[in-house]
Amino acid sequence: MEKPTFKYPDKAAYDFVTTALTAKGITANEIAKITYNLQIKYVPSLTIEECELETQEVLHKREILNNAMVALELDRLATAGQLNEPLQTIIASDAGVFGVDEGLALNMANIYGTIGVTNYGYVDKVKEGIIEQLDTDKSGVVNTFIDDVVGAIAAAVAAKIAHKYA
Ligand code: MG
C-alpha cells in the first residue's frame, strides 16, 4: 500500500526522461519538429518555438513521464544485456509482434484524447526524421522503446495544439 508520506518524484522523473532522451540526441526541439510537421497543415500560424514550448509542458506530465521511464529503462537494460530470457532477446531484437513498446506509447499519445492516438499511428508508419534514425540505428544500442516514446510525445503535443486551436 502507498505510504501516506510518499511524495511523487516529479522532478526526478522529468530529469530521468530528459537525460535518457538527450543521451540519444533527442531534444525538445527534435520532438517539436515532428509535431510541427504534423500540425502545420491545420494551424498555418504555428511555429517551431510554440511546438517546443508545448513539448516542454507535455514533458512535465506524470502520465508521459511514468510510461516513458518504464520504456526507456527497458531499452537501457536490454542494451546492457540485463533482462532475463526470453524478454532480453525479444526486446533486443525489436520483435514486431511484441507490441508492448506501442502499448506504452498509446498510453502517452492518449493523454489529450484520440487525436493523439491517430497522430501516433501516423508517425509510427511514416517514421519521420529522428524516429527513422533511431529505428535504423545499428550501433548495438537497443532502441526498441525510444522510437515509440518520441513518436508518442510528438503525437500528444500535436493533440494538445489541435485542442488549443479548435
Ligand atoms: Mg518500437
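Heavy-atom basis, side chains included; hydrogens, waters and symmetry copies ignored. Only a predicted model underlies this, so the values are computations on that prediction, with no experimental measurement involved.
In this structure, L72 CG and T144 OG1 are separated by 11.5 Å, a value rounded to the nearest 0.5 Å. If you take CD1 on I131 and CD1 on I34, they are separated by 4.0 Å, rounding to the nearest 0.5 Å. We find the CG-CG distance between L46 and L38 to be 10.5 Å, quoted to the nearest 0.5 Å. Atom CE of M108 sits about 6.0 Å away from atom CD1 of I64, to the nearest 0.5 Å. To the nearest 0.5 Å, atoms CZ (R62) and CD1 (I111) are separated by 13.0 Å.
Take L106 and apply the side-chain contact (heavy atoms from CB on, under 4.5 Å) test, not counting sequence neighbours, and it matches V117, Y120. For E63, there are no salt bridge (Lys or Arg N to Asp or Glu O under 4.0 Å) partners, not counting sequence neighbours. H60 meets the ring-ring contact (aromatic ring centres under 6.0 Å, His included) test with Y14; sequence neighbours excluded. Judged as a side-chain contact (heavy atoms from CB on, under 4.5 Å), and not counting sequence neighbours, the contacts of R76 are E73. For K24, the side chain to side chain donor-acceptor pair (under 3.5 Å) partners two or more places apart in sequence, or in a different chain, are N143. Partners of K11 under the salt bridge (Lys or Arg N to Asp or Glu O under 4.0 Å) rule, at least two apart in sequence or in another chain, are D15. In terms of the salt bridge (Lys or Arg N to Asp or Glu O under 4.0 Å) criterion, residue partners of E30 (sequence neighbours excluded) are, by chain and number, K33.
The two residues A155 and G116 come nearest to each other via the heavy atoms CB-O, 3.4 Å. Residues L65 and A13 share a closest heavy-atom pair of CD2-O, 3.9 Å. For V17 against A68, the heavy-atom pair with the smallest separation is CG2-CB, 3.9 Å. Residue V157 comes nearest to C51 through the heavy atom pair CG1-O, 3.9 Å, listed as atom of the first residue, atom of the second, then distance.
The side-chain hydrogen bond (donor to acceptor under 3.5 Å, both in side chains) pairs that include a residue from residues 81-99 are E85-T89, where partners are two or more places apart or lie in different chains. For residues 35-47, every residue pair satisfying the side-chain hydrogen bond (donor to acceptor under 3.5 Å, both in side chains) rule, not counting sequence neighbours, is listed here: N37-E128. Under the salt bridge (charged side-chain N to carboxylate O under 4.0 Å, His left out) criterion, the residue pairs touching residues 152-166 are E50-K164, E54-K160, E54-K164, E57-K160, with sequence neighbours excluded. Screening residues 104-121 for salt bridge (charged side-chain N to carboxylate O under 4.0 Å, His left out) gives no qualifying pairs among residues at least two apart or on separate chains.
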- Query: Do T114 and T118 pass the side-chain contact (heavy atoms from CB on, under 4.5 Å) test, and can you show the C-alpha distance, the side-chain angles, and the key distance before you say yes or no?
  - Reply: CA-CA 6 Å; T114 49; T118 51; 5.6 Å; no
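Within the hydrophobic cluster formed by Ile, Leu, Val, Met, Phe, Trp and Tyr side chains joined at under 4.5 Å, directly or through other members, F145 is accompanied by V70, L74, L77, L83, L87, I90, I91, F98, V100, L104, V142.
There is no path of hydrophobic side-chain contacts, each under 4.5 Å, that joins V141 to L134. Note on Y165 and V58: same hydrophobic cluster, where clusters join Ile, Leu, Val, Met, Phe, Trp and Tyr whose side-chain heavy atoms are under 4.5 Å apart, directly or indirectly. By the rule that hydrophobic residues join a cluster once side-chain heavy atoms approach within less than 4.5 Å of another member, V150 and I115 end up as members of separate clusters.
For the residue pair N119 and Y112, no side-chain donor N or O sits within less than 3.5 Å of a side-chain acceptor on the partner.
Residues I31 and T27 form no side-chain contact, since every pair of their non-hydrogen atoms from C-beta on lies 4.5 Å or further apart.
At distances below 3.5 Å, not a single donor-acceptor pair connects side-chain atoms of T19 with backbone N or O atoms of F16. Checking side-chain atoms of D75 against main-chain N and O of I146 turns up a donor-acceptor pair under 3.5 Å.
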